[in-house]
Amino acid sequence: MTDTDSARPAEGEARGPRPSRLHSLMRFIPLIAPVLLWAVPCWVLLHAGQHWPLAVALAGTAVFFLALVGMPLAMVRGHGRRQQDWAAIIGDTLLGAGWVLFTWSVLLGVLLRAALAVTGVGDSQDRARIVAWAVLGVAAVLLTWGYAEARRVPRVRRIDVQLPRLGAGLDGLRVALVTDTHYGPLDRARWSARVCETVNTLEADLVCHAGDIADGTAERRRAQAAPLGTVRATRARVYVTGNHEYYSEAQGWVDLMDELGWEPLRNRHLLLERGGDTLVVAGVDDVTAESSGLAGHRAHLAGALDGADPDLPVLLLAHQPTFVDRAAAAGIDLQLSGHTHGGQIWPFHHLVRLDQPALAGLSHHGARTLLYTSRGTGFWGPPFRVFAPSEITLLVLRSPRTATAP
């Protein structure tokens, strides 16, 4: 394994992406989202013609009002300056529950009610009550299932990836990818250990962590991250920063990963050699790094590739799929990313696609660049995954210069 390091800026390299449509929209979401999340299901469940007894209507409305007020207050106390884990758990859980209730209140409130009306089922009150119970039932099932999905050890997803420039000596190279572990307010030290045990069963040559290790500083989340030190790879363990590191003293996470035996690829690369062939394994800081104000932190692809033979295939770690435009322009062979969580709670993936060029899986960009986007190994915020299962990924790199079977 050869290590090359460079942090010299390249003239004319883009300093960062323009604000996306989603980022512009996000400025207004804190003002209207809490009201919509709780007002819509409150109306659909309680005040859309059900004619519940007055006590039921008043009690239900009070519950929704408390959620409307309590969710943002808990989020501020949990994720703001105070960083109180108990408050973050309450706020995040309310956010997830509110999103599911809102989604199915809209869908069933329109589609099911229309279907009942067309088929002539009951009167107006009956149809309103059927919709209300259907929304509550679907939400209860999805939240219970989504919680179990979020908390379980991810299943391993295996995919063969053919790289036209990969030498025959590297055919069959096993690359394990974990990302978006998001160690946070819910203590997941045991989950972390089980994830690492699963990774070790893959007998990977290269293990990659594509960022967003945790929500919180390295000092606060050390116990949850410590099992990462037990991960085994025959060649190397490499790591790049995600945007969440830059909310929580990113340099502390870089230092901790280095302490745990991982190679932080901060705008630099390693050379992985086998069977007379070589693969460049490069990494860049997250695209939000420069705006963090941390000295020396920024996404710098030219620096990551400085000194590498341009004829060699390149595997690039970049936390966000949106970096693939730069990767394709530079002729990168394969970019590994996370960040999207596959949407995490359906149908949030529609908003993710406004911000990112890929949601999950393998996609093609430019003349030769492949992008693999992981749905993530953990979860952020709401402890739910609905129709967006987590994953540990095993990518087996294939060379077209050999007839080796999968």
Side-chain angles (χ1 to χ4, degrees), residues 149-161 163 173-184 188 191-192 194-196 198-202 204-215 225 228 231 233 237-245 257 262 265 281-287 315-324 327 332-346 348-349 352-353 355-365 369-381 384-397:
E149 280 287 295
R151 297 284 286 177
R152 69 169 173 79
V153 175
R155 301 176 186 92
V156 175
R157 184 180 187 189
R158 173 180 166 140
I159 180 171
D160 284 16
V161 181
L163 301 180
L173 189 79
R174 298 166 70 85
V175 180
L177 173 64
V178 295
T179 183
D180 300 275
T181 43
H182 284 285
Y183 303 126
R188 284 178 287 157
W191 175 87
S192 177
R194 292 173 62 197
V195 166
C196 294
T198 300
V199 171
N200 286 338
T201 67
L202 303 179
D205 300 295
L206 177 69
V207 180
C208 307
H209 195 305
D212 276 9
I213 292 181
D215 295 298
L228 291 173
V231 170
R237 298 174 295 173
V238 295
Y239 155 73
V240 293
T241 57
N243 56 304
H244 278 248
E245 277 86 328
M257 290 298 278
W262 292 67
L265 293 183
V281 180
V284 292
D285 291 339
D286 184 63
V287 294
L315 183 156
L316 173 71
L317 268 68
H319 177 66
Q320 298 195 40
T322 190
F323 196 81
V324 76
I332 298 299
D333 298 83
L334 174 62
Q335 176 179 317
L336 302 182
S337 298
H339 186 68
T340 69
H341 298 202
Q344 186 163 320
I345 303 177
W346 185 90
F348 194 77
H349 67 284
V352 175
R353 286 306 302 264
D355 187 49
Q356 300 292 332
L359 184 72
L362 195 66
S363 54
H364 295 255
H365 302 265
T369 300
L370 294 174
L371 165 67
Y372 185 82
T373 306
S374 168
R375 290 188 297 254
T377 308
F379 61 86
W380 171 84
F384 307 106
R385 274 187 173 269
V386 178
F387 305 134
S390 56
E391 67 178 80
I392 296 168
T393 317
L394 179 65
L395 300 104
V396 181
L397 305 189

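Just so it is clear, the values below take in all heavy atoms, side chains as well, and ignore hydrogens, waters and symmetry mates. Please read these numbers as outputs of a predicted model, since none were measured by experiment.
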Atom of Phe348, atom of Gly343 and distance for their closest heavy-atom approach: CB-O, 3.5 Å

Chi angles and distances behind the side chain to side chain contact (heavy atoms under 4.5 Å, CB included) call for Tyr239, Leu228: CA-CA 11 Å; Tyr239 155 73; Leu228 291 173; over 6 Å; no

Exam field: side chain Thr241 to backbone Gly211, donor-acceptor pair closer than 3.5 Å: no

Sub-4.5 Å side-chain heavy-atom contact between Asn200 and Val231: yes

Nearest-0.5 Å distance, CG of residue Leu362 to OG1 of residue Thr393: 11.0 Å

Those residues that, when tested against Ala358, pass side chain to side chain contact (heavy atoms under 4.5 Å, CB included) (two or more places apart): Ser363, Leu371, Thr373

Results of side chain to side chain contact (heavy atoms under 4.5 Å, CB included) for Arg151 - residues two or more places apart only: Tyr147, Leu186, Arg188, Phe379

Residues forming a salt bridge (Lys or Arg N to Asp or Glu O under 4.0 Å) with Arg385, sequence neighbours excluded: none

Asn243 side chain vs Asp212 backbone, donor-acceptor pair below 3.5 Å: no

For Arg174, side-chain hydrogen bond (donor to acceptor under 3.5 Å, both in side chains) partners two or more places apart: none

Results of side-chain hydrogen bond (donor to acceptor under 3.5 Å, both in side chains) for Thr181 - residues two or more places apart only: His209

For Ala176, all residues meeting side chain to side chain contact (heavy atoms under 4.5 Å, CB included), sequence neighbours excluded: Val199, Leu202, Ala204, Val207

Steps toward side chain to side chain contact (heavy atoms under 4.5 Å, CB included) verdict (Phe323, Ser337): CA-CA 9 Å; Phe323 196 81; Ser337 298; 5.9 Å; no

Side-chain donor or acceptor of His319 paired with backbone N/O of Ala210 under 3.5 Å: yes

Candidates Asp333, Leu397, Leu173, Val396 - the one meeting side chain to side chain contact (heavy atoms under 4.5 Å, CB included) with Val161: Leu397

For His341, all residues meeting side-chain hydrogen bond (donor to acceptor under 3.5 Å, both in side chains), sequence neighbours excluded: Asp180, His182, Gln344

CG on Leu315 to CD on Gln335, rounded to 0.5 Å: 9.5 Å

Sequence-distant partners of Val240, side chain to side chain contact (heavy atoms under 4.5 Å, CB included), two or more places apart: Leu265, Leu317

Residue list, side-chain hydrogen bond (donor to acceptor under 3.5 Å, both in side chains) with His349, at least two apart or on another chain: none

Donor-acceptor contact present, side-chain Thr369 to main-chain Ile332, <3.5 Å: yes

Nearest heavy atoms of Thr377 and Trp191, plus distance in Å: O-CZ2, 3.1 Å

His339 NE2 to Trp380 CH2 distance, which is reported to the nearest 0.5 Å: 11.0 Å

Heavy-atom pair of closest approach, residues Val287 and Gln320: CG2-NE2, 3.4 Å

Taking every non-hydrogen atom, the tightest pair across Trp262 and Cys208: CZ3-C, 4.1 Å

Sequence-distant partners of Arg157, salt bridge (Lys or Arg N to Asp or Glu O under 4.0 Å), two or more places apart: Glu391

Shortest non-hydrogen contact from Gly378 toward Ser390: O-CB, 4.4 Å

Trace of the side chain to side chain contact (heavy atoms under 4.5 Å, CB included) decision for Leu395 with Leu336: CA-CA 10 Å; Leu395 300 104; Leu336 302 182; 4.1 Å; yes

Criterion side chain to side chain contact (heavy atoms under 4.5 Å, CB included) on Ile213 and Met257, from CA distance to verdict: CA-CA 10 Å; Ile213 292 181; Met257 290 298 278; 3.4 Å; yes

Atom of Pro389, atom of Arg152 and distance for their closest heavy-atom approach: CB-NH2, 3.7 Å

